Structures are given as C-alpha cells and as structure tokens.
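Since we're looking at a predicted model, the values are computed, not measured. To find a chain, count down the sequence lines: A is the first, B the second, and so on, and within it residues start at 1.
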Amino acid sequence: MAILDIFGTQNTLWTSLFRRVLTRDVLATISIAVLGIFLFTAISADFIAPFDPLKTSNDTFQHPSWHFLFGTDDLGRDVFSGVVHGSRSSLMFSVFVSLASGLIGVLVGATAAFAGGLVDDVLMRLTEFVLIPPRFFLALVVAALFGTSFLYLVIILSFTYWTTMARLVRAQVLSLKERPFVEAATALGASRTRILLFHILPNAFPVIVTQIMLTVGSVILLQASLEFIGIGDADRISWGSMLHNGQHFIRDGWWMVVFPSLALALLVLALNILSDALNSTLNPKTRPVYPDKAV
Amino acid sequence: MAVSVSRKFFSRLVGVRLVRRIAQTLLLILLLIVFNFFLIHLAPGDPVNYLAGQSGDEQYFALIRAKFGLDQPLLTQLWVYLSSVARGDLGYSLSHQQSVVSVILARVSATLLLIIPSIFIASSLGILLGVESARRQNSVVDRVINLFALLGHSLPAFSIGLLLLLFLSLQLGLFPAQGMTSASGDLKGLSYATDLISHLTLPCLTLVIVQLAQILRLARAEMLNVLDENYITAARAKGVGETRLLYVHALRNALIPVVTVIGSDLGMLLSGAVLVETVFGYPGLGRLMLEAIAARDYPVLLSLLLLTSVGVAVANFLTDTIYPALDPRIK
C-alpha cells in the first residue's frame, strides 16, 4: 500500500513536470525528440550505418554525397557510419558513469545528512577534496599511468563526478527530514532506514534525475576531449577519436571534423536544454544550474 | 567616506576567519601532495626497471634501489617526497634532461599569455551580455543570446577551436593556423607584437567562448533576482536612469556570485587551454602535457596535475576570502 502511494505521488509529479515542459517550451520538446533520435540511433546503429565504420577502403577523402552522406576519411572509412556508431559509445559510456557516480553521490549525501555530526563533517570535507583536482587532468594522468580501457575510465570518472550529487542530495535530505510527513512516519514507528529509503529519497527523486541528466552531458564532453587527446579505447569508434584523426586532415576534408562536432553539440545541447527546463520547473526561483563543464 | 569604506573592506578580509581559511587551504595542499605520492606508488610497473633500463641483474637493481631510497619504508619515502616538494623540487624529467620545475617554468608564460586575456574578455563580455539580456527578459534578443550561450556551453573546447580554425583561418585566411609566432623568426618590436597577437587571437577567442556561457547565464539570473528587490524600485521611483540603475545599482549586488564563478572555474579553464593548445599547435603547458604522455614522462605529468590542483585550491581560497568582503550580508 505504502509503495503504491509513493508511486502515485511520483506519477503525478512526473506527469505534471513533463506536461509543463511539453506545453510551455518548444525547445524542450525538440530536445526530447533529438534525444530520442540519438537513443534510437545508438541502439540500432548496426542497422542504420550503411558501412562498417572501421573498415578501410580505396575511396579516401570522398566529399559528402548520396553514397557517402558525410564523406570518407583518410583511410576510406565512411564518416556517417562512424558518427552513427559513435553515438553508441558516447551514450553508453556517459550513462554508465552518470549512474555509477549518481549512486555514490546519493549514498554519500544521504548518509552525511542523516548521520550528521562527525560523519557529516568528514564526508563533506572529502567532497571538497575530490572537487579540487581538475577532472580532465586527473583522468589524463590516471589513464596515462594505469591504461585507457573502457572499465578504467568509467571507474576513474565515476569517482570524480559524484560530488555535486552528494551536495544536492544532502541539502535535499536535510530539508526534507524536518517535514511533517517524516514526523508522521516516525510516529507510526518506521525505522530510520525505512524513512530514508521510502519517504525521503522518493521526494528527492526529481532533483536526482535532473542531476544525472546534467552529468551525462558533461561526461560526453569530457570523454570526447580525452579521446581527442588520444586517450581512449582504440578498438571502439567514437566522435572524439574521429576528431583526433580528423584534425590532421582538416585542410583536405572539412567533413571529417564538422560532422562529429555537430553530432556532439546537438546531443549535449539537447541534454542541457532539457535539464535546464526540468530544473526551472522544479525550482523556478533559484539560479540556473550548469552542467559542470569539464572542458 | 571612501577611506572608511575601504577600511571596512580590509577589516572584513583579515581576522580569525582568514587564519582558519589559510590553515584549511594549507592542509588541503598537503593532502593533494600526499594523494599525488600515492598515485605514483599505485601505478603498475617497478620504477627500478625504468631507472636501470634494459640491462642489469638483481645486484644492480638493489644498488639502484638503495641509491634512490626505494628500499626505504613507504612512510620514509613519503617524508622524503614531501620535504623535496617543500624545497621546490618536483623531480627530474628524463625526456627533457632537466628538472621538472625548469621545464614547466619555460612553458608557463605562453599559457598565461593565452589564459589571462581570455578571462578579462570573457568576464566583461559575459557580464555586459548578461545585463542586457536581463534588461530585455524574454524578448527575442534575450532568447537568441541564451541559445547561443547554451550552444557554446554544449561544444567542447576543441570542437570550437577546430571550427574557428576551419572557417576563420583556412577558409577566410584571417589568422595564422598554428603556433605562437611565425616560423620565419627574426621579427622585432611592433611587427613581433602584431605577429604574436594574430597568432593569439583564435586560441584566445576559443577560450572566451568556452567561458562566456557560464558567466553570461549567471549574470543574467543574478540581475533578474536583484531587479526584484525593493531598493531597485526605490531607486527607480527616485528617478534614476535605467542604464545607471542597471550598471551601478543592480550590478553591484548581482556581481558577487559571478565573481566566485570566475574564480572557481580555473580548473575548467586550464583543461580547456590544454585542448586549445593542441588544436592550434601552441607551445604552452598543454602541449607539454601531451609530450609528457607520449614520452611517458611521469614526473612532468604528476607535477602538472599537482600544480593545477594547487592552483584551484588557491583560487578557491581567494574567492572565499573576497566574497564576504564584497557582500556585507555574509558573515
């Protein structure tokens, strides 16, 4: 029964949120469509891409045409197929990092707010410390020292991205735990864990989701930047690695640089507009949030 | 009047709070150094192989270990590392055959020449556009400015750089594409300065675009908050002109959070600089970092990480210190 109630309130919150987004904001609606297209492309990349993105051919430096929509690169690889497959690696990587770091952030923030005292102090100092080293440099150095596999990069970035979430969740829990419904639950004899998991966190849910979305955009940019520098999984095609290669041939083929850049910009722009809209619906009076732009 | 204001300003700067903040920052820097030390030790690979090269038997390895103190317990090694960092010794770069400090010092001025002008241009332009777009809230101009700001915020630094390079340099031929000065060399005086500025324009413009969105959007939001306040209505009733009202009465209070963002974005700016230097072949710290990765020059890499982290810690300290002096409401 209690669980049903929670989902009931969640549903009305979410539907009202999305109704507001949809009716008031054309840009947000377009962004949802763009996100949908990218998700679809990422999932069905194998069917959409006309060529194998890693297969070389004799058709090098072909201009964009009906046969090669976005042209071909220095080794005759189809740029359009690369962009299509790149959406998969970008989204997969950033969703992994965002969910993992979101989980760490929620755990740290909720624990700090609920335990209070020394635990709170220690966790918040730790958060401040992790915020200091610039993510890009840390990821660069760790990748140079330990290797650049997909898993390593996910782990490194997850351990640097949780800080904003921890602060947000802590602030939310601190304010929510003083509300009457928590008092009511306590009076009914609910345990502290139960109150945190089933009463407080569901109410912090919209904030958590918005923050995860902001993180996805930021991670996409950071990963592309690392790959542009040459740090990334060499067996996987991605927008960053295409740009890394394309910058050397910018005089011979503008398409090698322009199309992956446009794909990046479009996806991240859609994510930013959408989280912006969600955030202004959630707290109309506060300052705009920014995706922590890592690069 | 002016004297008493500045005296108040300084009396807010110093005091117990300041001492506490300094102590906290120093502790933070110490922790960053310790973190750096453990990063080196967690890295796979025995440094002995690196130092001894291809050859050598166990006896030779032991000799090397003793020479570099690698046979000491970890805490002793940590102490040696801390004291050498305190003396300003960050290690020796094998690929440059020089001390790390002199390698970094040789490059730092080029990066500063790129970063400092970009901060000034981005913050003045961002504040100006933010105020003007708050003045015209929800108008077409406001929306266009905001959309462009978001677009700039959604592109990574290297994409902005590559696109500017493609259109302004390769297509239109307005600016040189690579380097810090022309390769022909021997320019002096004014012609050297114009050559330098024309090389700096595109990388600097890229960094301005990278920072602009954040400053602009925050300035706009803060202005909108401040414009709701009673003292603005009072000033307007008194007959203060709209421009004076915006730029003198409102901006003073709206600027406070904007200043903190400019300060705390140092890490982002430095990361952006690395990417921009790569795109434009600019010989600064970013290029040094890439060369260090290619040459597996770990002392240089780790020192750069340490120095940027310390830079961010110091920038945070400065913004935290200036903040209460700017805003008397904060204790």
Residue, of B:L302, B:V274, B:L304, that accumulates the most heavy atom pairs under 4.5 Å with chain A: B:V274

Whether A:F150 and A:F96 hold their rings parallel, tilted or perpendicular, with breakpoints at 30° and 60°: perpendicular

Chain B contact via A:L262 - which portion, at a heavy-atom distance below 4.5 Å: neither

Over 12 foreign heavy atoms within 6.0 Å of CZ, A:F159: no

By side chain to side chain donor-acceptor pair (under 3.5 Å) - contacts of A:S158 (at least two apart): none

Residue pair B:S118 / B:Q211, side-chain heavy-atom distance below 4.5 Å: yes

Chain A contact via B:L270 - which portion, at a heavy-atom distance below 4.5 Å: both

B:I293, part contacting chain A, at a heavy-atom distance under 4.5 Å: side chain

Portion of B:L290 that has a non-hydrogen atom of chain A nearer than 4.5 angstrom: side chain

Set of side chain to side chain contact (heavy atoms under 4.5 Å, CB included) partners for A:S241, sequence neighbours left out: A:S238

Any side-chain heavy-atom pair of B:V279 and A:F228 under 4.5 Å: yes

Option in B:L269, B:L39, B:L306 with maximal non-hydrogen atom pairs under 4.5 Å from chain A: B:L39

Proximal component of B:L163, with respect to chain A [non-hydrogen, under 4.5 Å]: side chain

Positions in residues 263-271 of chain A that reach chain B, provided some heavy atom is under 4.5 Å away: A:L264, A:A265, A:V268, A:L269

All ring-ring contact (aromatic ring centres under 6.0 Å, His included) counterparts of B:Y81, not counting sequence neighbours: B:F37

Within-4.5 Å side-chain heavy-atom neighbours: B:M289 and A:V141: yes

A:I37 side, atom CD1; A:S87 side, atom OG - distance, nearest 0.5 Å: 11.5 Å

